[in-house]
There are 2 protein chains.
Amino acid sequence: MGKIKNRIRRLRFDNDEMTQEELANRAGCTRQTIIALEQGKYVPSIELAFKIAKAFGVALEEVFQYEGE
Amino acid sequence: MGKIKNRIRRLRFDNDEMTQEELANRAGCTRQTIIALEQGKYVPSIELAFKIAKAFGVALEEVFQYEGE
DNA sequence: ACACTATGTATAGTAAACAATACATAATAA
DNA sequence: TTATTATGTATTGTTTACTATACATAGTGT
């Protein structure tokens, strides 16, 4: 099965070391969700994925990549 | 709140009138899921979204669009 | 020593994606 | 008529994304 990778942690630090809480606020989710996503504990809904990309001002595929089988 | 729109129905017909079942097979989901997505009954996981885009040979954002608030 | 900030852990509950199955129906074809 | 194909509906059950809350801890500054 394919996997979903994300570059959230990297993008946070590239964006002036944005904190998890700040990102959560911008994306409209909780800090716990950001933590879990960075740790690969689960994969976001497509809606949250779009919001996170928007929070960084980049396209969804610059944050999330699909590794096909 | 934002909404997620999809162009699955359009893309199916643009792709030689690909059937819902054929798309489901290519995307690795059930026909019911495709039906529900086309009817806007729910929004796909990001993983399924990537698979559907791949089934059409296009980028995720050509199938799914986020309408921010 | 005390406060504050950023990150992490643990747990319980809710909502929704998705599968699986069965059945209905209109269109087309033999 | 009978069979097949494509779409749709209805229902049940499982998994998991996500929230909410509380607590732990290392770092930094006063």
Side-chain angles (χ1 to χ4, degrees):
Chain A
M1 301 152 186
K3 265 203 158 186
I4 303 288
K5 270 181 38 182
N6 79 69
R7 297 177 55 241
I8 295 179
R9 196 168 249 153
R10 164 73 74 96
L11 282 162
R12 272 202 306 120
F13 285 102
D14 285 356
N15 279 51
D16 204 26
E17 301 200 346
M18 182 189 303
T19 108
Q20 293 175 332
E21 196 166 21
E22 172 66 17
L23 175 57
N25 289 337
R26 293 198 195 186
C29 69
T30 64
R31 192 169 58 87
Q32 307 312 314
T33 298
I34 300 298
I35 291 174
L37 290 176
E38 288 193 356
Q39 294 176 343
K41 291 205 176 176
Y42 52 67
V43 155
S45 69
I46 196 176
E47 187 159 2
L48 181 56
F50 270 116
K51 286 182 186 170
I52 290 173
K54 193 176 177 184
F56 286 128
V58 300
L60 187 147
E61 277 138 344
E62 289 189 48
V63 189
F64 302 94
Q65 289 98 30
Y66 178 65
E67 320 255 300
E69 62 268 24
Chain B
M1 298 154 186
K3 265 202 157 185
I4 303 288
K5 272 181 38 182
N6 78 70
R7 297 177 54 241
I8 296 179
R9 195 169 252 153
R10 164 73 73 95
L11 282 162
R12 274 202 304 119
F13 284 102
D14 286 354
N15 278 53
D16 205 25
E17 300 199 347
M18 182 191 302
T19 138
Q20 294 175 331
E21 196 167 20
E22 172 67 16
L23 175 56
N25 288 338
R26 292 197 195 186
C29 68
T30 64
R31 193 169 59 86
Q32 307 312 315
T33 298
I34 300 298
I35 291 173
L37 289 176
E38 287 193 357
Q39 293 175 344
K41 292 205 176 177
Y42 52 68
V43 155
S45 70
I46 197 176
E47 187 159 2
L48 180 56
F50 270 117
K51 285 182 186 170
I52 290 173
K54 194 175 175 184
F56 286 128
V58 300
L60 186 148
E61 276 137 344
E62 289 190 47
V63 188
F64 302 93
Q65 287 98 30
Y66 178 64
E67 321 256 301
E69 60 268 28

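Here is how names work: the chains are called A, B, and so on, in the same order as the sequence lines, proteins then strands, and each is numbered from 1.
Side-chain contact between Leu23(A) and Asn15(A) is absent, with no heavy-atom pair separated by less than 4.5 Å. Residues Ile8(A) and Leu11(A) are not in side-chain contact: their nearest non-hydrogen atoms beyond the backbone lie 4.5 Å or more apart. Between Ile52(A) and Asn6(A), every side-chain heavy-atom pair lies at or beyond the 4.5 Å cut-off.
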Requested in this report: Walk me through it: do Glu22(A) and Arg12(A) pass the test side-chain contact (heavy atoms from CB on, under 4.5 Å)?
Outcome: CA-CA 10 Å; Glu22(A) 172 66 17; Arg12(A) 272 202 306 120; over 6 Å; no

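The CG atom of Asn25(B) sits 14 Å away from the C1' atom of dT5(D) (whole-angstrom rounding). Separating the CD1 atom of Ile4(B) from the P atom of dA16(C) is a distance of 14 Å, rounded to the nearest angstrom. Between the NZ atom of Lys3(B) and the P atom of dA16(C) there is a distance of 13 Å, rounded to whole Å. Rounded to an integer number of Å, the gap from Glu22(A) CD to dA6(C) C1' is 13 Å. Between Glu21(A) atom CD and dT5(C) atom C1' there is a gap of 9 Å when expressed in whole angstrom units. Gln39(B) places its CD atom 12 Å from the C1' atom of dA10(D), with the value rounded to the nearest Å. Regarding Ile52(A), its CD1 atom lies at a distance of 12 Å from the C1' atom of dA17(D), rounded to whole Å. Straight-line distance from the CD1 atom of Ile8(A) to the P atom of dC18(D): 10 Å, rounded to whole Å.
Partners of Phe50(B) under the ring-ring contact (aromatic ring centres under 6.0 Å, His included) rule, at least two apart in sequence or in another chain, are Tyr66(A).
When all heavy atoms are compared, the tightest approach of Leu48(B) to Ser45(B) is N-OG, 3.1 Å.
Under the 4.5 Å side-chain heavy-atom criterion for Ile, Leu, Val, Met, Phe, Trp and Tyr, Met18(B) and Ile34(B) are members of the same hydrophobic cluster.
Direction change of the helix axis from one end of the helix from dA1(C)-dT30(D) to dA30(C)-dT1(D) to the other is 30°, with five pairs defining each end axis (rounded to 10°).
Between Gln20(A) and the phosphate of dT5(C), there is no side-chain N or O to OP1/OP2 separation shorter than 4.0 Å.
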Query raised in the report: In B/S/- notation, 5' to 3', how is nucleotides 17-30 of chain C contacted by protein heavy atoms closer than 4.0 Å?
Result: SBSSBB--------

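A donor-acceptor pair under 3.5 Å links the side-chain atoms of Glu61(A) to the main chain of Leu60(B), judged by distance alone. With Arg31(B) contributing its side chain and Ala24(B) its backbone, the two residues share no donor-acceptor pair below 3.5 Å.
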